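Since we're looking at a predicted model, the values are computed, not measured.
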Amino acid sequence: MGIRRLALPVIVLVGLGLLAAACGDDDDGASSTPSASPSDVQPTAAPVAIDLVASSGIVGGDPDFNLSALTWQAYWLSRDHFGPFVMASGMGIPFEPPMDMLQQAMQMIAQNPDDPVMIPANMAPLQAIYASGSPTLINDPRDFDPLDFEAFRLDSASFDVTVGVRGQAETMLKESQWAHNFANAHFGDPEGAFGAQQRFIGMMVALLSQMQGQYAMQELLGDDGLYHDSDGALDFTANWVMLHALSDVAGLTGDRDELNHARFMNPDVHPAFEGAANDLLAALEAREPASADEAAPAVRALVYRAWTADDSAVAERALSRAQAIADEQLVDFTSADVTQQAAAVAGLIATSAATGDTRYRDAADDIFEVLSADFDADHGVFASRSVYSVDDVAWIIAGLNSLTQLGGDATRGPASKALLAFYESTISVAGMQLSAPPGKDGAMAGEWEKDLPGVVYYHPADTPPPPAAGKLTVPAGEVTWDGTAWEVTSDTFVPAGAMHLANELNWIGPHLGSIPFPPVTDAGSGQAPGGGDAVTSATIVGKNIAFDVDALTVPAGQEVTFTFDNQDAAVPHNLHVQAGAEGDFKTDIIAGPVLQTLTFEISAAGSYSFVCDVHPDLMSGTLVVE
């Protein structure tokens, strides 16, 4: 296998200064109270009963762990799965960003002396990702300052030093998606009093995804136009994920504000990634995926290429190929393997969301009936499977989450219950999460985050409490259910699967900024699945830091009145309808119990969002105007 060496400039280091300057122009505005999630990239959903506050009811489950807590916990686990790993573990080939550029960037993103950025000591950012290693820390984090990353080193003698394309690509995608997250107004602006540390992390992960992409283009790209592991092995699934990652980085660094958030645009970097994504699309275009868990990442990657491509002809090719794969391999899909079934669901929902064609959603609903018949709701497992790799868990969460967000009316509620039960059983009770993040007691937590209940950071089953487990905050490689109890049968840290899981956890809605279902609007009907019958009045209840509905449909050009019933005693909430250019409509932030009314009119059809400005990650929904 010939490796194609590209004469690339050191694009990332040049881009660092540009990125810092762009961050200085951030005027989204936020204070120490978190503001709302963005309205431009929210998933649409049908208004059916999803119980956000009920527990899973599984044996060994926690009564306080519900779907709202899961959404927040998944956010934290996703963040901790990749942060200490790519910045501190040493499990890969590191690089050292110039300190003067870091300081320049830091000055641009943090201009309030009351909200300084602290650059961690002993960082070891990775440009290449090793295939596997032991998750056991060689140091005790309790002996180190919270911002001394030497605390999170792993044993280099345990590393498989093969640089795998899939691990590289899943990590790049994890970082680029978290760059979207950290660009959210939730994390403030350079002049504000909150969020500087998080904006700095956002800058770093954007750069890491570019540096790792540059490494892949220089060291792993073969003469056949495909990416090969450092030992020469070829994995087509890995190449589809690489297409997804390259497309996302191309979007982040391009000139479209809805993709670069008016802060990541970099004309020196963008052409290399746009060209690499298009080249890989051409190399993969004739590929027929061999399984559902190859077809699903293929569809996701192609949809993302359709969304971020500069050339509309490339976008049309990519979306057409995504539909062809879904039609040929995923519609009418049958398999006895629950992982393949769940992957097929994820691919179908991605196609439905991109095209507005409900055939794909209906096919996904049909597969869920098969999954449901196999599901043991008392234990949160599938009767047909006892051994779950981290990839199995990732795909099953992907399928159930996709249905929870965008499945049919009759499917979303049952899918959400299965998602809660399976997540709690495998991630927490089984011990797949080897070490819980520090959460509200951690150095990265904001003051407002410290007021949230501990269950939204880590599950009571996570023992010993963090950070005493002595392991990196990553998932195990495999857990096994023997019919009565769980066992961690491999604690090996495998980045390809672990970062896949981290991505799926990040995409559990509602979303802070990541984009599981890119809004491709130039195909099919141009509409994502709708929100049911339109109403001109509705009551939205806020209880246990959750809305009782997560989607509503209203008519365009008519006056609408919402009654907001805050039932949380002494807890401040509000109702904020974000309609972009159509207007911003919100009630005052008031502690409950209290009733408020909100009257508004939106003339332009489309998908908007409603949130509580105090708890945007836990209280969020979709407003469809038609």
Looking at OG1 of T404 and CG of L67, how far apart are the two atoms once the value is rounded to the nearest 0.5 Å? 7.0 Å
Exercise: identify the closest heavy-atom pair between H81 and L505: CE1-CD1, 3.7 Å
Between T237 and E294, is any side-chain donor less than 3.5 angstrom from a side-chain acceptor? no
Indicate whether any N or O donor in one side chain lies under 3.5 Å from an N or O acceptor in the other, for T426 and W486. no
Using atom types as modelled and distance alone, determine if a side-chain donor or acceptor of D374 lies under 3.5 Å from a backbone N or O of V370. no
For the student: nearest non-hydrogen atoms of G60 and V429, plus distance: O-CG2, 3.8 Å
Donor-acceptor side-chain pairing of Y360 and D327 below 3.5 angstrom: yes
Measuring from atom CG of D392 to atom OG1 of T339, what distance do you get when rounded to the nearest 0.5 angstrom? 3.5 Å
Ignoring hydrogens and angles, write down the donor-acceptor pairs under 3.5 Å from the side chains of residues 487-494, residues two or more places apart or on other chains.
residue: T489; atom: OG1; partner: E478; partner atom: OE2; Å: 2.7
residue: T489; atom: OG1; partner: T480; partner atom: OG1; Å: 2.9
residue: S490; atom: OG; partner: T492; partner atom: N; Å: 3.4
residue: S490; atom: OG; partner: T492; partner atom: OG1; Å: 3.4
residue: D491; atom: OD2; partner: K471; partner atom: NZ; Å: 3.1

CG/L420 to OG/S68 distance, rounded to the nearest 0.5 angstrom? 10.0 Å
Would Y75 and W507 count as a close aromatic pair, with their ring centres under 6.0 Å? no
Non-hydrogen atoms of N260 and G254 that approach each other most closely: ND2-O, 2.7 Å
Hydrogens and angles aside, do W481 and S425 bring a side-chain donor and acceptor to less than 3.5 Å of each other? no
Pair H180, D248 - check side chain to side chain donor-acceptor pair (under 3.5 Å), show working. CA-CA 10 Å; H180 291 294; D248 198 17; 2.9 Å; yes
State whether a side-chain donor-acceptor pair under 3.5 Å links D376 with H379. yes
Is there a donor in the side chain of D391 and an acceptor in the side chain of S389, or the other way round, less than 3.5 Å apart? no
Strictly by modelled atom types, are Q212 and E175 linked by a side-chain donor-acceptor pair under 3.5 Å? yes
Is the backbone N or O of G232 less than 3.5 Å from a side-chain atom of D229, with the two atoms forming a donor-acceptor pair by type? no
With a 3.5 Å distance limit and no angle check, can you tell me whether D365 reaches the backbone of T411 through a side-chain donor-acceptor pair? no
Looking just at side-chain N and O atoms, do S247 and R305 make a donor-acceptor pair shorter than 3.5 Å? yes
Listed partners of F375 passing ring-ring contact (aromatic ring centres under 6.0 Å, His included), at least two apart: F382
Verify the distance criterion only: is there a donor paired with an acceptor across the side chains of N401 and Q405 at less than 3.5 Å? yes
Establish, yes or no, whether a centroid distance under 6.0 Å links the rings of W240 and F236. no
Between Y423 and Q73, is there a side-chain donor-acceptor contact under 3.5 Å, judged purely by atom types and distance? yes
